[in-house]
Protein chains: 2
Amino acid sequence: MPADDALRDRLVRVGAELLRTESPGALSLREIARRAGVSHGAPRRYFPTHLALLSAIARSGFADLSAQVTTALRTAAQDPRTQITTMAHLYVRFAATNRSMFELMFRHDLLQSGGHLGLRDASLPLFRLLVDLVAAARPAAGTSAEISAAAIWAALHGTAELWNWGSLTLAAGATDPAPFVDAILTAHLGPSEHNAAMPAPEGSR
Amino acid sequence: MPADDALRDRLVRVGAELLRTESPGALSLREIARRAGVSHGAPRRYFPTHLALLSAIARSGFADLSAQVTTALRTAAQDPRTQITTMAHLYVRFAATNRSMFELMFRHDLLQSGGHLGLRDASLPLFRLLVDLVAAARPAAGTSAEISAAAIWAALHGTAELWNWGSLTLAAGATDPAPFVDAILTAHLGPSEHNAAMPAPEGSR
DNA sequence: CAGAGCCGGTAGACACTGTCTACGACAGGT
DNA sequence: ACCTGTCGTAGACAGTGTCTACCGGCTCTG
């Protein structure tokens, strides 16, 4: 029932909402409970610890990203190379748009704390999707698709992080992370015939 | 005088030492003061706030990394391509060896908090060195050396992070981040005649 | 229908944190 | 001797995460 466990979802939503304006450090247990209109002991009924609540919030971030990716892939062209392109740009743009959420999603202590609150399984479907796309884009490559996909993901992730704290702007004078994304993809997959990075004057059909 | 401001250095050393075994979350102001044998108010004489102390500790991490890089480059071969290779491997290995320190060094709130405790200036010399090496390695390239160096740095950083929380092992079954580093460098700079990372089965030419 | 039990949330305590302020040695200079 | 500045101590305060006792309603059962 959606009405049941309503507070659980409300707490997660309040936390995600809070992340739109505040840094992850502002996500204290008591503050979330306060904004949800309950006492500070109420969250404990659903989350055994503070980290578990943060983990659930981060999980909702992964769900959001996954939803954005699937809808973007549905409206995009079908060939895997451009699908990878849209997915890559979406990843970096998501990181730049939802900075605090992105930061929370990849916090080490949330990821590697064993048990069910680990976030690895939340990020793994996205990686699997990338692996499949990479395998489809270059069917007979030397290295395995997993290795290539992991390398692409690492490069994208590093670009997103460096972009987020302004190092790319400061060091390389870049005003947009998109060229870096395109450079990564061409380096690993070869050039794409339809470069999807810039607002393509040609409507994809 | 070195004897003067002795407590300042001691606090930083204690914090760095603590990071060898504990996570950055264990670096509380009072715990550091406790281990340094002073009261909890003493650090305030040298660091106006907790973040300032953490910043100084992270700075010492950058100093450590820089020292390792310079000594490694001195004993390495002279041509810039292999110097970049040693520097890249050292970066990822440093991240894997000093996980907590690496995590602290790239914390967003430490980096972008304006003022003198920003860490950007601590990481910038290393980036400048990489830019120079890249410029020397490929004197007449299409893109600027800054852009290439930033792309390489982003890829290396992403690899270091993904490796650190085990995603590369789990997703791609890798047991060593070194092949990823080599793949990054060959993708951006072309193959190196003497591959220093793995015993390459096929000599690249 | 009455009572028992549980479910979901409240309220208070505890140890701990970062920050602030007042205070206390203790040195050197005039 | 006295003042003055430095360096560190000690205590207070608000805020945090966790734990425990409690309690109002609800449902299920006899």
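Just so it is clear, the structure is predicted and the values come from calculations on it, not from any experiment. We name chains A, B, ... by the order of the sequence lines, and we start the count at 1 in each one. When reading the values below, keep in mind they use all heavy atoms of this one structure, side chains included, and skip hydrogens, waters and symmetry mates.
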Do the side-chain N or O atoms of [X] get closer than 4.0 angstrom to the phosphate oxygens (OP1, OP2) of [N]?
X       : N      : result
B:Tyr46 : D:dG8  : yes
B:Thr49 : C:dT19 : yes
A:Ser28 : D:dT16 : yes

Could you go step by step and tell me if B:Arg93 and B:Asp176 meet the salt bridge (Lys or Arg N to Asp or Glu O under 4.0 Å) rule? CA-CA 10 Å; B:Arg93 194 160 45 238; B:Asp176 192 347; over 6 Å; no
[X] [atom1] to [N] [atom2], straight-line distance once rounded to whole Å:
X       : N      : atom1 : atom2 : answer
A:His50 : D:dG17 : NE2   : P     : 5 Å
B:His40 : D:dG8  : NE2   : C1'   : 11 Å
B:Leu27 : C:dC16 : CG    : C1'   : 16 Å
B:Leu29 : D:dT16 : CG    : C1'   : 16 Å

Please determine whether any donor N or O and acceptor N or O are separated by less than 3.5 Å between the side chain of A:Arg30 and the base of D:dG15. no
How far does OH of B:Tyr46 sit from CG of B:Leu11, to the nearest 0.5 angstrom? 8.5 Å
Can you work out whether A:Glu31 or A:Arg45 has the more 5'-proximal nearest nucleotide on DNA chain D? A:Glu31
Could you verify whether a donor N or O on one side chain and an acceptor N or O on the other, from A:Thr85 and A:Arg81, lie under 3.5 Å apart? yes
Checking all strands, does B:Arg34 fall into the base, sugar-phosphate, or nothing category for heavy-atom contacts under 4.0 angstrom? sugar-phosphate
I'd like a table of atom pairs between the protein and nucleotides 25-28 of chain C - only N or O on both sides, under 3.5 Å - with the distance next to each one.
none

Under the 3.5 angstrom rule, does the side chain of [X] hit a backbone N or O of [Y] as a donor-acceptor pair?
X        : Y        : value
A:His188 : A:Ile184 : yes
A:Arg138 : A:Leu189 : no
A:Ser144 : A:Ile147 : yes

